[in-house]
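What follows is a set of notes on a single structure, which appears directly below.
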Amino acid sequence: MYYFIYFIIKTLSYIPFWMLYAISDIMYYPLYYVIRYRREIVRKNLTESFPEKSLSEIITIEKKFYRFFMDMLLESSKIASISPDEIRKRMKFVNIDKTNKLLDEGKSLAFFMGHFCNWEWMTSVGLWIKDDVVCAQVYHKLINETFDKIIKQMRERMGNICVEMRHTARFVANMKAENKACMVALIADQSPKRRQIKHYVKFLNHMVPVLVGPEKIANHFGYMPIFVNAKRVKRGYYECEFSLLHNDPTSLPDYKLTDLYFERLEDEIRKHPECYLWTHNRFKYAKN
């Protein structure tokens, strides 16, 4: 099963971009109009997040999202074979010199990311970081072992290390004990399990429970918290800019760093709502 699925993904990854987007344009129609993949959840999320918008505006965003979603699914398959030179052209980290300067100063970094733009292509950040720095990405292990193995293999092609979420603290502690400069990418907009809820934030017109682990990792181990600001320049091309969430996070009250992250993320989503992942039932534990 592993070899069969990986063969399909690998074959798909060799399709030229122009053909990939032609396929995406065709597949959009059955995905949106026939299969109606999670249409109810997407409509509910958009309507509740943007109550000021009319139904026609919501539907416009919704259709743009499904077109982007289809593009991103097919783009993600390219990770299986795309060359380092090609991905550097298509996913640019525009102010990486500032990030490398922090690393030169002996600081380690915690990248606060969201499900925004093509987060799979952001695994190529290791191509832009100094060679002596350990680049890691925290991820949820998939229930299906075959898919988990394939996704992990693709995400590590560009020199990154995949770290299961439950092993994050141990991994970071080991890096610190070995005195290794490290950057850890954390997709921080995921929902915690109900029994793990500790903090709520105002996010997209909802009071939602949020993960506080990224803040704890940054503060406990002295990692500089970096906000990942991604944008889609055009089809198949993205730019990513890094900026400090706060220059002294340990001076902040508990959970303030998490609040700052969600404020920044919401600002970017409101600019380009079609580039956020709306198919998840992200507000199922919202207070309101």
Side-chain angles (χ1 to χ4, degrees), residues 6-28 31 64-100 103 109 111-131 133 135-139 150-162 183-187 189 226-243 264-265 268-269 271-279:
Y6 189 70
F7 172 77
I8 292 174
I9 295 174
K10 191 84 168 180
T11 301
L12 189 63
S13 74
Y14 284 114
I15 296 175
F17 274 98
W18 66 268
M19 189 180 296
L20 205 70
Y21 291 128
I23 295 171
S24 178
D25 288 339
I26 294 169
M27 291 302 297
Y28 159 75
L31 181 73
K64 286 182 177 179
F65 161 71
Y66 275 96
R67 288 188 179 277
F68 165 72
F69 183 65
M70 195 69 244
D71 278 3
M72 196 206 72
L73 288 178
L74 293 174
E75 286 173 355
S76 297
S77 71
K78 299 291 285 187
I79 289 290
S81 65
I82 195 169
S83 71
D85 287 343
E86 181 72 10
I87 195 68
R88 281 174 66 96
K89 293 176 185 175
R90 291 178 174 273
M91 173 59 80
K92 292 186 176 181
F93 296 89
V94 294
N95 64 336
I96 198 69
D97 55 323
K98 293 182 180 179
T99 303
N100 279 322
L103 293 166
L109 313 175
F111 283 17
F112 284 63
M113 298 168 52
H115 287 92
F116 190 70
C117 289
N118 193 328
W119 57 91
E120 294 293 344
W121 278 15
M122 291 182 196
T123 60
S124 64
V125 67
L127 299 173
W128 300 72
I129 299 293
K130 291 159 49 66
D131 290 340
V133 174
C135 296
Q137 52 199 314
V138 176
Y139 83 110
I150 291 171
I151 293 297
K152 186 171 180 287
Q153 182 177 341
M154 290 169 62
R155 288 176 174 173
E156 292 184 339
R157 270 197 74 232
M158 302 297 172
N160 290 358
I161 299 172
C162 283
M183 58 141 287
V184 179
L186 307 137
I187 297 185
D189 63 338
I226 307 293
F227 179 71
V228 178
N229 180 11
K231 70 176 182 178
R232 194 187 196 200
V233 179
K234 60 181 180 179
R235 225 175 184 183
Y237 290 87
Y238 300 85
E239 286 185 356
C240 211
E241 185 173 1
F242 301 138
S243 57
R264 295 285 299 276
L265 180 60
E268 298 309 314
I269 293 170
K271 292 174 187 174
H272 299 285
E274 71 278 5
C275 291
Y276 191 57
L277 184 64
W278 297 104
T279 52

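Excluded from the calculations below are hydrogen atoms, water molecules and symmetry mates; all remaining heavy atoms, backbone and side chain alike, are included. Bear in mind the structure is a predicted one, so any value in this text is a computation, not a measurement.
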Check: F69 and E274 side chains under 4.5 Å, non-hydrogen atoms: no
Where the side chain of K10 meets the backbone of A80, is there a donor-acceptor pair that is under 3.5 Å apart? yes
Looking at side-chain heavy atoms only, is the closest gap between S76 and N118 below 4.5 Å? yes
If we only count heavy atoms from C-beta on, is the E268 to F116 side-chain gap below 4.5 Å? yes
Side chain proximity check, W119 to L277, heavy atoms < 4.5 angstrom: yes
Donor-acceptor pair, distance only, cut-off 3.5 Å: does the side chain of K78 make one with the backbone of F17? no
Taking the side chain as C-beta and beyond, is there a heavy-atom pair between C240 and M122 under 4.5 Å? yes
Taking the side chain as C-beta and beyond, is there a heavy-atom pair between I79 and T123 under 4.5 Å? yes
Determine whether the aromatic ring centres of F242 and F93 lie less than 6.0 Å apart. yes
So do R264 and F112 actually touch side chain to side chain, heavy atoms under 4.5 Å? no
Between R67 (side chain) and D25 (backbone), is there a donor-acceptor pair under 3.5 Å? no
Separation of Y276 OH from C117 SG (nearest 0.5 Å): 12.0 Å
Test applied, side-chain contact (heavy atoms from CB on, under 4.5 Å); reference residue, S24; option that passes from M72, E75, R235: R235
Could you give me the CA-CA distance, side-chain angles and deciding distance for D85 and R90, then say whether salt bridge (charged side-chain N to carboxylate O under 4.0 Å, His left out) is met? CA-CA 9 Å; D85 287 343; R90 291 178 174 273; over 6 Å; no
